Structure formats: C-alpha cells, structure tokens
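Note that the structure is predicted; figures quoted are calculated from it, not measured. So you know, we letter chains A, B, ... as the sequences are listed, proteins then strands, and number each from 1.
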Amino acid sequence: MLQKTFNRENRELTLAGLRKRNFPNAEAVIDEVISIDTSIRYSQDQRDQARANLKQLSNRFHTSTRAGDIAGLQGIKSEIEAQQLRLKFYEVELDRLEPNLNNLLYTIPNLPHSSVPAGRSADDNEVVLEHGEIPVLHEGAKPHWELIQGFGPNGTALIDFELGNKIAGAGFPVYRGKGARIQRAMINFFLDRALEAGYMEVQPPIVINEASGFGTGQLPDKEGQMYYATEDKLYLIPTAEVPITNLYRDVIVADGDLPIKNTGYTPCFRREAGSWGAHVRGLNRLHQFDKVELVRIEKPENSYAALEEMSLHVQKLLQELELPYRVLRLCGGDMGFTSALTYDMEVWSAAQGRWLEVSSVSNFETYQANRLKLRYRVERSAVAGKTQLLHTLNGSALALPRILASILENNQFLTEEGKIAIRVPKVLVSYCGFEVFD
RNA sequence: GGAGAGAUGGGUGAGUGGCCGAUACCAGCAGUUUGCUAAACUGCCGUACCUCUAAAGGGUACCGAGGGUUCGAAUCCCUCUCUCUCCGCCA
C-alpha cells in the first residue's frame, strides 16, 4: 500500500498518478486519507502526553506511599484519574481512526511510473517492440485443443482434459507421455537459464497463510481468486511471487546482500471465478498451471534497470524457443493493482490467430515492501544508518501452458504422408529427449 | 489424533509487580595497543510513530497476539496463535 507520509507530503503527485489509472474520486479519497492521518497524529500526541503524565504520577504515587504521605496520595489519585480519562478517550479515538485509514489505503492502487501510458483498457497498451516472423501455417492447421488429439500414448490426447475433469474438474488437465515430458523439459530449461543469469533457486511452500497474502497484496481484495483450505486457513498460491517475496517479510536486508535474485518453479492455482468464453479454451486459461518465477529485491535507484534486465531475460527465452512475440507496456487502466510499471510479453498463436500473454514483469517499487516491512540499512549517504524501504519486482519466466499452446500450434507441419506432426524447438530437444510429436 | 513444554532485542539466554527497553555472553561496528593465519582493552550496538532541529535532542510504544487486574505489568489472570518434544500414522 501507499505510504502515509508520501500521501500527505506529495498530494499532487499522488493525484496525478491515480488519474492516470482512472481511479475514481481520487481527490476525495486522498483528502480523506490526509484528514484521517492528521487526526491520528493529533490523537497520538494527546495519548502519548497522557501516558507520560501517568508514568510520572505513578512514580510519585510510589514514593508518597513509601513516605506515608496520605494527604499527598489523595491529590495524586485525582490527577491520575483525570489523565486516565484523557488517555482512554484518545485510545478509543485511535482504535476507531486507524482501521479507517488502513481500509482506505488498501483500496488505493500503486502509483504508475512516469513512462506508463494513460488509458483505460488493454486496447491502450503500448507496443514496445515486436520480434520474429509470424509463421504461415499449412491448410487445415488446428488450434492446440484440436491438435492434441491423438498425440498422447496409444492414440489418446497429449493433454487430456476429459481425464482431468474426472479426477479434479475443468481446468485441471492431465499431461501424459510426451505431454508430461515437454512440461518437465520446459521447467528445467527455464530454471537453468535463470541460474545462468544469477538467480538463486528456491522451492517454497505452495500454500500460504493469511499474513503472506496481505504482504504481497493478494489480500484483502483478491480473495475470491485463491483456493482456500478452511480447515487449516491456508491458501493455494496463485503464483510463486507470493511465497518467495514473503520470504523477506519483516526483514532488514544488509546493504551488501543486495540485490536479491530468486527463482522458483511452482504449480499455480487460480479459481478464475467469472471467466468464460472462447478465450479460455484448452490451455489458454487453467485452474492449475506451472510457472517459473523470478523475484528480485532491489535498491530504489536500481529497480528500473533490474526491470529492463528481467524483460530482456524473458525475451531471450522466447527467442530461444523460436516464438514470435511482442512486448507491451501496460497502460494505467490495464495495469495490476500493486504495480508501478508492467511489461507483458505476448506470443503469437498462429492457429488461434491472436496474441497470448505468457509473461508479465513488474516493478512494485515500495508498494509491497511497505506492507512487507522489507527494508535495508543505508550505508553511505546523508541518511546513513536509517532504514529505507526496498523495491520488489517479479516476472514469469515463464508460464508453461500458453507457451506450450504456441509451440504446438506454430510448429505443426504436414509430413510427407500428409499427416500432421509437431516440431519441438531445438533448445528443448536435449531436455525432453525427442524432436517431434507424432 | 493423544500428551507435555515453550514463545524476551541478530543469536544464546537472565529476569515472577515500580530501581526493566530490559542482565550476561556471542556475533557486528568504531577506536586504542601489541603485533600478525590473531589477541587484549574501551566505547557503540533493536524497531516504529510523534515532536523538534542546522545537528544533537525530547516524548511514546513494542518482551508471540489480544483482553483483564493494578496508581504501576516482560512479570499476575483470561483468550487466541504459533513453535518444539514424545507417542500414533506416514512419503
């Protein structure tokens, strides 16, 4: 969430940022925040003074008791009662004000970076670059959900949605044979590339508690998107971002330990409540999918260089997979709640004839760090010795299902016998051990 | 699932009603001295909010969380959460 002090000291900047996001009633909300904050600071001051007085009175009470000064005790007692009333009043006041302020702050999204374009929807996103040739497929090329039929063991489907329905439900496919092997190949390929780029691999829990959900901003507003085990009060992770970033909750990082670069493979679970239609067919949108995630913790002055580096890392993967892609800079209206700047990477799906989002890399600046209380101690500067909030970033590198969909669709070809086969990208052959799906 | 123990500052670990924001040791930082794969000594060494300032300073809170008793709580009472150990089960 946004920092209170930032809001009150930079009202105009905050408002300008919220306007770019088309945040409704920005002025009224921010003024309310500032107003509540002012009341809180006044009440806090009154409360602290009352407490300080009580402390002194209490000591006088003690010494008078020991001196046997009965008359003095009476006077002290009435002073104590007056201060207790005052204390109680402002404590009640603060108990009322503080949740109000926090609830309000939870509703305010992060401020967009200056390079974020204005706009309301995905149509207003800025295409930063396009790379690669759009493939021209043979007559009768199929979208992946048709293509997969018959490519599994013994003529079954390579990715079996029916079987998944049986044991779990819609959106939980079963990958079998080469389908399972290509998944494992991609995970290993992505992790190896992350390691080469200097990331440290972690295997976090794939369930998280409530505090972790709040730390990265999934709670309180995106509750309905996560699976929840009521008996144990645990959420299935929607992305590895949550457990990995929360490793650093309530941590003061030593200056010398920065930057922190972590990577991890996890399954991800999303309820995707409310989505429907053609765009969710096949692998396009699942309740469970696999993803390799990058998480970085950076000093403020380095975070945007880090974001560019992550973007290039993801692009390199797509180039190695020989997939045509484009990079989008999300506009204010399409950007996630907690992000300050997001690049989306989209891969061209030839048979579906549209772009599929396969990665999203974001800089959250201090928005998550503020909730996480993730700080570092500044070593050399005017404010040396003080703690300062860090910047958090993350990105998918990569999410598997749509990559697989694109590989299947873009690489299909007709064999000499006139049958459809699918070529495995060269870079994955050594990982999966076969060159074609046939 | 059953039984028991515990939660204190980066770590270990004292502290059972006021002299405790907290002893001691270790780790860390700065310095002195000797001199050399290091030792000794001295000082510093938590976080947050508020206030003030050029800087220093001042106030308050925090001993797992929340409530209660009391003029006064790390310390007494209640509730909750978490961790550990043993038994059971088990990849």
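- Rounded to the nearest Å, the gap between the P atom of B:C86 and that of B:G28 is 33 Å.
- Within 6.0 Å of atom NZ in A:K222, more than 12 heavy atoms from other residues, nucleotides or ligands are found, so the atom counts as buried in its surroundings.
- Across B:G6 and B:G21, the matching C1' atoms stand 23 Å from one another, rounded to whole Å.
- Phosphate proximity of B:A48 to A:T387: present, with a side-chain N or O under 4.0 Å from OP1 or OP2.
- Between the CG atom of A:D257 and the P atom of B:G28 there is a distance of 14 Å, given to the nearest Å.
- Here the side chain of A:Q412 pairs a donor or acceptor atom with the backbone of A:E409 at under 3.5 angstrom.
- Residue A:R8 places at least one side-chain N or O under 4.0 Å from the OP1 or OP2 atom of B:C50.
- Applying the salt bridge (Lys or Arg N to Asp or Glu O under 4.0 Å) rule to pairs touching residues 28-38 of chain A yields A:R8-A:D37, A:R11-A:D31, A:D37-A:R41, sequence neighbours excluded.
- For the P atoms, the distance from B:A27 to B:C41 is 12 Å, rounded to whole Å.
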Start with the C-alpha distance between A:E322 and A:R423, add both sets of side-chain angles, then the distance that settles salt bridge (Lys or Arg N to Asp or Glu O under 4.0 Å), and finish with yes or no. CA-CA 11 Å; A:E322 306 163 60; A:R423 187 179 59 79; 3.5 Å; yes
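- Computed from coordinates, the A:Q46 CD to B:A61 C1' distance equals 17 Å when rounded to whole Å.
- Between the side chain of A:N370 and the main chain of A:M1, a donor-acceptor pair closer than 3.5 Å is present.
- Under the side chain to side chain contact (heavy atoms under 4.5 Å, CB included) test applied with A:V314, the options A:M345, A:E309, A:R193, A:Q319 reduce to a single match, A:M345.
- B:U51 and B:A39 have their P atoms separated by 47 Å, with the value rounded to a whole Å.
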For residues 262-269 of chain A, which side-chain donor-acceptor pairs fall under 3.5 Å, sequence neighbours excluded?
{"from": "A:N262", "atom 1": "ND2", "to": "A:Y248", "atom 2": "OH", "distance (Å)": "2.9"}
{"from": "A:T263", "atom 1": "OG1", "to": "A:E293", "atom 2": "O", "distance (Å)": "3.0"}
{"from": "A:Y265", "atom 1": "OH", "to": "A:D290", "atom 2": "OD1", "distance (Å)": "2.5"}

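- Atom CG of A:L73 is separated from atom C1' of B:G18 by 15 Å (rounded to the nearest Å).
- The gap from the P atom of B:G15 to that of B:C76 amounts to 12 Å, rounded to the nearest Å.
- With respect to A:D124 and A:R329, no salt bridge is recorded, no charged nitrogen being found less than 4.0 Å from a carboxylate O.
- Rounding to whole angstrom units, CG of residue A:D255 and C1' of B:C29 are separated by 14 Å.
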Just the atom pairs and distances: protein N or O near nucleotides 58-60 of chain B's N or O, under 3.5 Å.
{"from": "B:G59", "atom 1": "N2", "to": "A:D48", "atom 2": "OD2", "distance (Å)": "3.4"}
{"from": "B:U60", "atom 1": "O2'", "to": "A:D48", "atom 2": "OD1", "distance (Å)": "2.9"}
{"from": "B:U60", "atom 1": "O2'", "to": "A:R51", "atom 2": "NH1", "distance (Å)": "3.1"}

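- Taking atom C1' in both B:C20 and B:U16, the straight-line distance is 13 Å, to the nearest Å.
- Atom C1' of B:A38 sits at a distance of 23 Å from the matching atom of B:C44, rounded to the whole Å.
- Here the options are A:Y367, A:F214, A:F337, the test is ring pair (Phe, Tyr, Trp, His ring centres under 6.0 Å), and the partner is A:Y106; only A:F214 passes.
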For RNA chain B, the expected dot-bracket line (Watson-Crick or G-U under 3.5 Å, [ ] crossing, | inter-strand) is ((((((((.[[[..)..(.....]]].(((((.(...).))))).((((((.....)))))).[[[[[..)....]]]]])))))))....
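- Atom CZ in A:R375 sits roughly 9 Å away from atom P in B:C49 (whole-Å rounding).
- We find that CG of A:D45 is positioned 6 Å from C1' of B:C50, with the value rounded to whole Å.
- Among the atoms of the strands shown, only primed sugar atoms or phosphate atoms (P, OP1, OP2) are found under 4.0 Å from some heavy atom of A:I252.
- The 12-atom threshold is not exceeded at CD of A:E210, counting heavy atoms of other residues, nucleotides or ligands nearer than 6.0 Å.
- Between the OH atom of A:Y376 and the P atom of B:U47 there is a distance of 15 Å, given to the nearest Å.
- For the C1' atoms, the distance from B:A73 to B:C77 is 12 Å, rounded to whole Å.
- At least one donor-acceptor pair closer than 3.5 Å links the side chain of A:T156 to the backbone N or O of A:P153.
- In this entry the distance linking CG of A:L97 with C1' of B:C49 reads 15 Å, nearest Å.
- Shown here are the side-chain contact (heavy atoms from CB on, under 4.5 Å) partners of A:E231, two or more places apart in sequence or in another chain: there are none.
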At under 4.0 Å between heavy atoms, which parts of nucleotides 63-85 of chain B does protein reach? Answer with one letter per nucleotide, 5' to 3': B base, S sugar-phosphate only, - none. --------BS-------------
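- Heavy atoms of other residues, nucleotides or ligands lying less than 6.0 angstrom from NZ of A:K299 number more than 12.
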